[in-house]
**Student:** 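Next up is a structure, given as structure tokens.
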Amino acid sequence: MSSFYFKGDESKMIKKDCLFCKIGQGIIPSSKIYEDDDVIAFLDISQTTVGHTLVIPKAHYDNFLAVDHDIMHKVMDVAQKIGQAQIEMLGAKGVNILTNVNEAAGQSIHHFHVHVIPRYVATDGFKIEMKENSNLNELNLPAIAKHISEKLK
């Protein structure tokens with residue numbers, strides 16, 4: 001028995017055991033901020049900061065690298081509008097917009113989603129820290145760039 005089913009057509013693939021698919025279908029309730037035919041946005045139950053929102057496609061895609069191009073753009077358009085609303089309506093001083101791909105990057109639910117995290121002060125409960133690579137002098141940046149760009153041709 002397949003763990004997927006289709007709601008309407010193949011572009012509306014739903015994974016039966018996926019938490020976010022169930023939220024997108026209204027099976028599990030959420031504190032909705034936005035909804036249309038393809039996208040739903042709701043408050044994250046963890047509320048890393050006040051107003052922390054998740055934006056997801058209703059159809060199942062494992063992550064950012066697997067999502068349909070048009071759906072990805074719809075999700076990001078909604079994320080942008082929510083970030084603007086968080087600044088205007090919640091008084092946020094900034095917004096982090098991020099997505100994780102696979103466990104190594106922190107993805108815990110394998111359904112493409114974007115976090116829109118309003119930021120109030122530097123000590124508001126969320127921190128992303130990028131440190132300089134201690135092996136930077138040993139890296140050949142032109143060779144790395146060439147290797148990655150070969151896949152883009």
**Student:** CZ/F112 to CD/Q107 distance, rounded to the nearest 0.5 angstrom?
**Tutor:**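 Atom-to-atom, F112:CZ and Q107:CD are 10.0 Å apart.
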**Student:** Above 12 or not: heavy atoms from other molecules or residues under 6.0 Å from CZ of F64?
**Tutor:**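 At most 12 heavy atoms, drawn from other residues, nucleotides or ligands, come within 6.0 Å of this atom.
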**Student:** Atom CD of residue position E132 - does it have more than 12 heavy atoms of other residues, nucleotides or ligands inside 6.0 Å?
**Tutor:**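 Check fails, neighbour count at 12 or below.
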**Student:** With clusters defined by side-chain heavy atoms of hydrophobic residues (ILVMFWY) lying less than 4.5 Å apart, directly or transitively, does M76 cluster with Y61?
**Tutor:**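 Y61 clusters together with M76.
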**Student:** So which heavy atom on H52 is nearest to which on L54, and how close?
**Tutor:**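 Heavy atoms only, the tightest pair is NE2-CD2, 4.2 Å.
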**Student:** Using 30° and 60° as the class boundaries, would you call the ring planes of F20 and H111 parallel, tilted or perpendicular?
**Tutor:**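 Plane angle over 60°, so perpendicular.
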**Student:** At what distance, to the nearest 0.5 angstrom, does CG of L136 lie from CG of L141?
**Tutor:**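 The CG atom of L136 sits 6.0 Å away from the CG atom of L141.
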**Student:** Assess whether atom CD of E150 is packed by more than 12 heavy atoms of other residues, nucleotides or ligands within 6.0 Å.
**Tutor:**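 Check passes, neighbour count above 12.
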**Student:** About how many Å separate NZ of K16 and SG of C18, when rounded to the nearest 0.5 Å?
**Tutor:**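 Atom-to-atom, C18:SG and K16:NZ are 13.5 Å apart.
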**Student:** I'd like to know if the side chain of T99 and the backbone of V114 have a donor-acceptor N/O pair within less than 3.5 Å.
**Tutor:**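 Judged by distance alone, no pair lies under 3.5 Å.
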**Student:** Is there a donor-acceptor pair under 3.5 Å between the side chain of Y34 and the backbone N or O of V55?
**Tutor:**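 No, because the side chain of Y34 does not come within donor-acceptor range (under 3.5 Å) of the backbone of V55.
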**Student:** As an exercise, state the distance from OG of S30 to CD1 of I40, rounded to the nearest 0.5 Å.
**Tutor:**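 S30 OG to I40 CD1: 4.5 Å, rounded to 0.5 Å.
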**Student:** Which atom names give the shortest non-hydrogen contact between K58 and D37, and what distance separates them?
**Tutor:**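 Shortest heavy-atom contact: CD-O, 3.5 Å.
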**Student:** Please determine whether residues I87 and I33 belong to a single hydrophobic cluster, defined as Ile, Leu, Val, Met, Phe, Trp and Tyr linked transitively by side-chain heavy-atom distances below 4.5 Å.
**Tutor:**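 Yes; tracing contacts between hydrophobic side chains, which count when under 4.5 Å, links both residues.
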**Student:** I need the minimum non-hydrogen distance between P57 and I71, along with the two atoms involved.
**Tutor:**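 Looking at all heavy atoms of both residues, the closest pair is CB-CG2, 3.4 Å.
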**Student:** Calculate, to the nearest 0.5 Å, the distance between atoms CG and OG1 belonging to N96 and T49 respectively.
**Tutor:**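 It comes to 8.5 Å.
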**Student:** I'd like to know if V75 and V101 are part of one continuous hydrophobic network [Ile/Leu/Val/Met/Phe/Trp/Tyr, side-chain heavy atoms within less than 4.5 Å].
**Tutor:**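 Yes, V101 connects to V75 through the hydrophobic network.
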**Student:** Report yes or no: does E35 contribute a side-chain atom to a donor-acceptor pair with the main-chain N or O of V39 at less than 3.5 Å?
**Tutor:**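 Not a single qualifying donor-acceptor pair exists.
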**Student:** Ignoring hydrogens and angles, tell me if any N or O in the side chain of N63 forms a donor-acceptor pair with the backbone of L65 under 3.5 Å.
**Tutor:**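 Yes, the answer is positive, given that a donor and an acceptor are paired below the 3.5 Å cut-off.
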**Student:** Quick one: ring-ring contact (aromatic ring centres under 6.0 Å, His included) partners of H69, sequence neighbours excluded?
**Tutor:**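 Counting only residues at least two positions away or on another chain, H69 forms a ring-ring contact (aromatic ring centres under 6.0 Å, His included) with H73.
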**Student:** Spell out, as yes or no, whether a donor-acceptor pair under 3.5 Å connects the side chain of N135 to the backbone of E138.
**Tutor:**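 No.
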**Student:** Compute whether any side-chain donor of one residue and acceptor of the other, for H110 and E103, lie under 3.5 angstrom apart.
**Tutor:**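 Yes, a side-chain donor-acceptor pair sits under 3.5 Å.
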**Student:** Looking only at non-hydrogen atoms, find the nearest pair between L90 and G51 and report the distance.
**Tutor:**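 Smallest interatomic distance, heavy atoms only, reads CD1-CA, 3.9 Å.
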**Student:** Once rounded to the nearest 0.5 Å, what's the spacing between atom OG1 of T53 and atom CD1 of I82?
**Tutor:**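 With rounding to 0.5 Å, OG1 (T53) is 5.5 Å from CD1 (I82).
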**Student:** Same hydrophobic cluster for I56 and L98, using side-chain heavy-atom links shorter than 4.5 Å among ILVMFWY?
**Tutor:**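 As far as the 4.5 Å side-chain criterion goes, L98 and I56 are not connected within one cluster.
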